[in-house]
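Heads up: the structure comes next, in structure tokens.
This is a predicted model, so every value here is computed, not measured. Below, read A as the first sequence line, B as the second, and so on, with proteins coming before strands; counting in each chain starts at 1.
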Amino acid sequence: MSKIGHRLEPKTRPPEIRKKDFEEVELTVSPEEAMKEASRDIKFCAAPCSVRGCPVSVNVPGFLKKVSEGDFKEAYKILIQNTPVPSITGRVCQQEIQCEGQCVLRRVGEPIAIGAVERFVGDWALDNNIEIPVTAEKKHKKVAVVGSGPSGIVAAADLARMGYDVTMYEAFHIPGGVLAYGIPEFRLPKRILRKEFERLQNMGVDIELGVVVGTTYTIPELLKDYNAVFLGVGAGRPMFLNIPGENLAGIYTANEFLTRVNLMKAYMFPEYDTPIHVGKKVAVIGAGNTAMDAARSALRLGADVYVIYRRGRNEVSARAVEFKHAEEEGVKFIFWAAPAEFQSNDGVNVSNIKLMKMKPGEPDRSGRPRPVPTGETFDFDTDMVITAIGFYPNPLIPQMTPDLKVDDHGRVVVDIEGRTSIPHVYAGGDIVTGESTVIEAMGWGRRVARTIDKDLQKI
Amino acid sequence: MIEERQIIYKKELATNIYEILVQAPKVARAAHAGQFVLIMVEEKGERIPMTLVDWNPEVGWIKMVYQEVGTSTIKLSMKNVGDEIYYVAGPLGHPSRVSKFGNVLMVGGGVGIPALYPIARELKRLGNRVITVIGAKTSNALIYEKEMSEVSDEVRITTDDGSKGLKGFTVDAVKLLLNQGEKFDAVWAVGPALMMKAVAEVTNGKIPVSYSSLNSLMVCGVGMCGACRVTVGHKTVLTCVDGPEFDSYQVNWKELAIRLQAYKKEEMISLEMLKGAGKV
Ligand SMILES: Cc1cc2nc3c(=O)[nH]c(=O)nc-3n(C[C@H](O)[C@H](O)[C@H](O)COP(=O)(O)OP(=O)(O)OC[C@H]3O[C@@H](n4cnc5c(N)ncnc54)[C@H](O)[C@@H]3O)c2cc1C
Ligand SMILES: Cc1cc2nc3c(=O)[nH]c(=O)nc-3n(C[C@H](O)[C@H](O)[C@H](O)COP(=O)(O)OP(=O)(O)OC[C@H]3O[C@@H](n4cnc5c(N)ncnc54)[C@H](O)[C@@H]3O)c2cc1C
Ligand code: SF4
Ligand code: SF4
Ligand code: FES
């Protein structure tokens with residue numbers, strides 16, 4: 001243990017302070033800390049972190065070596081071959097089950113803090129305005145990128161870099177997809193996103209906001225103007241519990257709550273016009289990233305927050321560090337309980353949840369014990385509920401585009417290179433995989449950009 | 001040169017009710033009767049839905065008629081011809097399912113009347129006999145009488161105080177028509193939730209096809225937030241992407257009314273702020 005040293009734990013702002021504001025929780029490590037951590041990386045390692053861990057095969061030992069030498073620019077160049085936005089992936093990747101989960105040091109000690117170092121390099125490059133020059137010659141071919149989430153960002157950047165004329169269409173008034181409306185400021189500061197979009201614009205990408213593809217322009221209409229269309233429209237339709245009382249006032253989906261808070265800046269109401277209603281005692285249903293983000297946002301708006309989860313502590317699916325931060329900040333957890341019914345005293349607002357006690361059953365396909373109802377219920381009084389139980393693929397474009405093949409789950413069907421059932425139309429990210437991760441979606445953006453390039457060379 | 005999102009015309013139709021034209025060529029070229037747009041008056045504003053009352057694909061404008069009820073609509077009124085609004089997205093929602101039915105009844109109240117106008121015009125164009133009932137509190141508040149007459153075979157008017165037409169609500173005129181033995185193949189109702197509910201109750205069993213355009217609170221308008229959810233036929237649906245028109249006989253009206261009250265307190269605070277700032 002002594003030889004390989006202790007893992008770098010990034011500093012965080014104290015829970016008592018940070019839970020009262022929306023400023024970032026975790027701080028970017030210093031150059032010295034990053035260099036020290038990177039030099040823990042062992043030479044001659046077979047790097048399972050890159051091969052089996054990272055979904056986009058970041059050359060981890062390569063970039064760590066450069067960091068250990070203090071050559072951050074070279075480290076950045078290595079990183080962006082696979083993760084185009086290390087400031088973002090370093091912050092939001094689920095490292096403990098991805099790269100760091102495979103680090104060999106985990107077996108003999110503590111894994112390298114790959115995420116923290118990656119984030120450091122990304123922030124360093126942003127702060128020092130390291131630009132990636134567009135060197136390719138203009139191809140004089142046009143590509144439309146629909147959706148400005150992680151998959152769209154990467155597809156647009158890569159295609160622009162290859163010399164294509166790229167127009168990005170986004171329904172909302174602010175680009176970024178989940179990065180903008182879902183993940184809160186305290187986890188991913190919006191200035192990073194803004195810089196990323198400035199960079200896209202500097203590369204010549206045209207960003208058109210307020211365009212709803214499917215209605216404003218149909219896919220056949222886009223195909224008249226563009227040589228190719230990429231669909232990166234995400235998995236944004238919230239799932240419902242479908243239990244009695246779910247549509248009472250005071251019950252929100254996490255998407256509504258988070259959109260009001262992040263995109264519409266309701267935490268600055270009434271300076272911003274969009275109101276937010278925050279209860280005194282808030283119940284958040286679910287324990288994924290979305291649930292943690294909702295719980296911690298509600299906490300910051302002054303509520304007493306309980307996360308209610310139908311499985312146990314070990315099955316929480318959020319990033320480990322978010323779960324830890326939530327507990328530190330005072331979010332309370334009720335495990336092995338699932339809502340059976342929402343009730344109201346006044347017939348308008350939710351006032352009570354009938355919770356079913358659950359117990360662990362046989363392992364399901366994910367290998368986790370299946371939650372089984374015990375038949376025993378108990379009451380939980382509350383004045384606000386946020387449901388965070390998952391999303392369906394966004395159905396708007398499939399609904400308006402009968403030729404576009406989707407599977408039983410509403411996911412757009414593509415071949416391994418991202419081609420849909422309609423010629424010159426491609427798709428990637430959550431709309432193809434169902435709810436997944438930022439880096440998976442980015443990986444799709446990159447893969448499909450290559451496919452588009454390959455296909456357009458032929459014509 | 002007219003800029004995108006510029007207000008190119010504005011007129012007060014009645015107290016606190018305005019008609020505006022906004023340059024929005026992308027919306028105008030794709031619009032259909034029954035659809036709506038989401039607008040933001042300014043960068044820090046709310047996203048609010050507005051029905052498309054009319055549009056011109058050649059020139060590129062869209063027409064909306066709105067009533068000042070709270071912060072966002074008051075802020076809209078502070079904008080003048082030549083000013084820009086921050087954001088316009090659409091068209092949103094499914095177009096009205098118009099076809100040749102035969103006899104069609106149109107029922108509109110308040111700013112629901114202009115919203116009904118493009119649907120009636122389309123039904124008329126398709127060769128239906130269109131009978132229209134429109135109502136307001138008092139004759140001064142009645143809007144779009146002339147426009148509706150142009151696209152209807154007959155227009156009946158109600159006012160709560162009896163200052164024009166039948167004294168009573170639109171639903172009273174509907175009852176009267178049905179009692180007189182008028183037969184209809186379809187009915188559209190657009191107006192306050194209570195009005196649409198009342199119309200649904202009296203036409204149920206008498207008119208086979210019935211649509212209402214629901215006015216749920218919205219945030220995103222594109223099906224990702226769930227704010228606009230309502231129960232229709234025991235299923236949770238989203239007004240913005242599954243509607244805004246639904247079978248009136250299947251709508252859970254009580255729930256819609258409950259959900260419309262969700263932000264009462266906050267809306268008051270916002271309005272007080274605006275007043276406090278001396279802007280109103
Ligand atoms: C609250 C929350 C927290 C999360 N936390 C994490 C995390 O910590 N780590 C992680 O790896 N993953 C996390 N995820 C998952 C991750 O954010 C998603 O997997 C990822 O954003 C998917 O990217 P995407 O490009 O496919 O789509 P999205 O990010 O969903 O972007 C799609 C975009 O397309 C736009 N759009 C949709 N339809 C249309 C249309 N018809 N016309 C025009 N535009 C349209 C949408 O407005 C949106 O901006 C989280 C998800 C949520 C909701
Ligand atoms: C699909 C759709 C189409 C619409 N078309 C039009 C239109 O063409 N013209 C028009 O004037 N309005 C229309 N509305 C309603 C309009 O969006 C609201 O009046 C507006 O959002 C109010 O914003 P505000 O900030 O001014 O008022 P707020 O401060 O938000 O509200 C003030 C008062 O109005 C009530 N209210 C708010 N929103 C609604 C609503 N959606 N329905 C009923 N009462 C509400 C509130 O309960 C409150 O009492 C439409 C709504 C929908 C869903
Ligand atoms: S992109 Fe994500 S998974 Fe890959 S190395 Fe970086 S932090 Fe790890
Ligand atoms: S597995 Fe661990 S030690 Fe090996 S290269 Fe990856 S980060 Fe370094
Ligand atoms: S307004 Fe967001 S889902 Fe309809």
Side-chain angles (χ1 to χ4, degrees), chain A residues 170-174 178 181-182 208-212 214-218 221 233-242 246-260 263-266 268-277 344 347-349 387 391-392 394-396 399-400, chain B residues 5 24 26-27 29-32 35 37-38 40-48 70-72 75 86-94 219-227 229-231 235-236 238 241-242 252 254-263 265-267 269-274:
Chain A
E170 168 58 49
F172 277 129
H173 58 288
I174 295 175
V178 172
Y181 74 70
E208 280 205 42
L209 304 172
V211 173
V212 185
T215 61
T216 315
Y217 299 121
T218 61
E221 279 168 351
V233 291
R237 183 162 172 140
M239 290 183 182
F240 293 105
L241 288 153
N242 294 316
E246 191 170 12
N247 296 340
L248 286 166
I251 305 182
Y252 303 85
T253 69
N255 259 3
E256 176 181 357
F257 181 70
L258 289 170
T259 300
R260 282 180 185 269
L263 201 67
M264 310 308 293
K265 302 237 185 333
M268 295 197 230
F269 176 84
E271 182 199 339
Y272 281 73
D273 293 341
T274 300
I276 185 94
H277 164 89
S344 169
V348 174
N349 296 289
T387 60
F391 303 98
Y392 296 110
N394 197 317
L396 204 144
Q399 258 180 25
M400 301 289 174
Chain B
R5 300 191 308 279
K26 285 187 283 230
V27 179
R29 56 178 281 290
H32 290 91
Q35 290 183 303
V37 284
L38 258 146
M40 286 171 76
V41 179
E42 49 186 43
E43 194 180 351
K44 295 184 179 179
E46 279 181 285
R47 298 168 62 89
I48 60 167
T71 305
S72 302
K75 284 192 172 168
Y86 179 68
Y87 168 89
V88 180
L92 299 168
H94 291 281
V219 180
C220 71
V222 291
M224 53 68 67
C225 77
R229 66 187 190 271
V230 283
T231 304
K235 255 183 68 187
T236 295
L238 303 177
V241 287
D242 302 327
N252 184 335
K254 189 172 155 227
E255 191 183 275
L256 177 70
I258 288 173
R259 294 191 58 79
L260 278 172
Q261 295 173 37
Y263 287 95
K265 219 168 38 198
E266 289 80 8
E267 283 154 357
I269 297 173
S270 175
L271 192 59
E272 289 306 315
M273 273 281 294
L274 194 65

Go through the atoms of B/R47 and report whether side chain, backbone, both or neither lie under 4.5 Å from a heavy atom of chain A.
-> both
Would you sort out whether A/Y181 and A/I174 count as a side chain to side chain contact (heavy atoms under 4.5 Å, CB included), showing the intermediate values?
-> CA-CA 9 Å; A/Y181 74 70; A/I174 295 175; over 6 Å; no
Do you know which two heavy atoms are closest between A/G236 and A/N255, and how far apart they sit?
-> O-ND2, 3.2 Å
Mind ranking B/P91, B/G221, B/A89 by heavy-atom pairs under 4.5 Å with chain A and telling me who comes out on top?
-> B/P91
Let me know if A/E170 has heavy atoms under 4.5 Å from chain B in its side chain, its backbone, both or neither.
-> neither
For B/K44, which residues count as a side chain to side chain donor-acceptor pair (under 3.5 Å) partner, sequence neighbours excluded?
-> A/E271
Top of A/T216, A/T215, A/V211 for chain B proximity - count of heavy-atom pairs under 4.5 angstrom = A/T216
Do A/N247 and B/R229 get their side chains close enough for a donor-acceptor pair, meaning under 3.5 Å?
-> yes
Heavy-atom proximity to chain A below 4.5 Å, by part of B/V219 | side chain
Measure the shortest side-chain to side-chain distance between B/C220 and A/F172 over non-hydrogen atoms and say whether it is less than 4.5 angstrom.
-> yes
Under a 4.5 Å heavy-atom cut-off, does chain A meet the side chain of B/H32, its backbone, both or neither?
-> neither
Is it the backbone or the side chain of A/V348 that comes under 4.5 Å from a heavy atom of chain B, or both, or neither?
-> both
Non-hydrogen atoms of chain B under 4.5 Å away: do they reach the side chain of A/L258, the backbone, both or neither?
-> neither
Could you pull out all residues at least two apart from B/D242 that satisfy side chain to side chain donor-acceptor pair (under 3.5 Å)?
-> A/R237
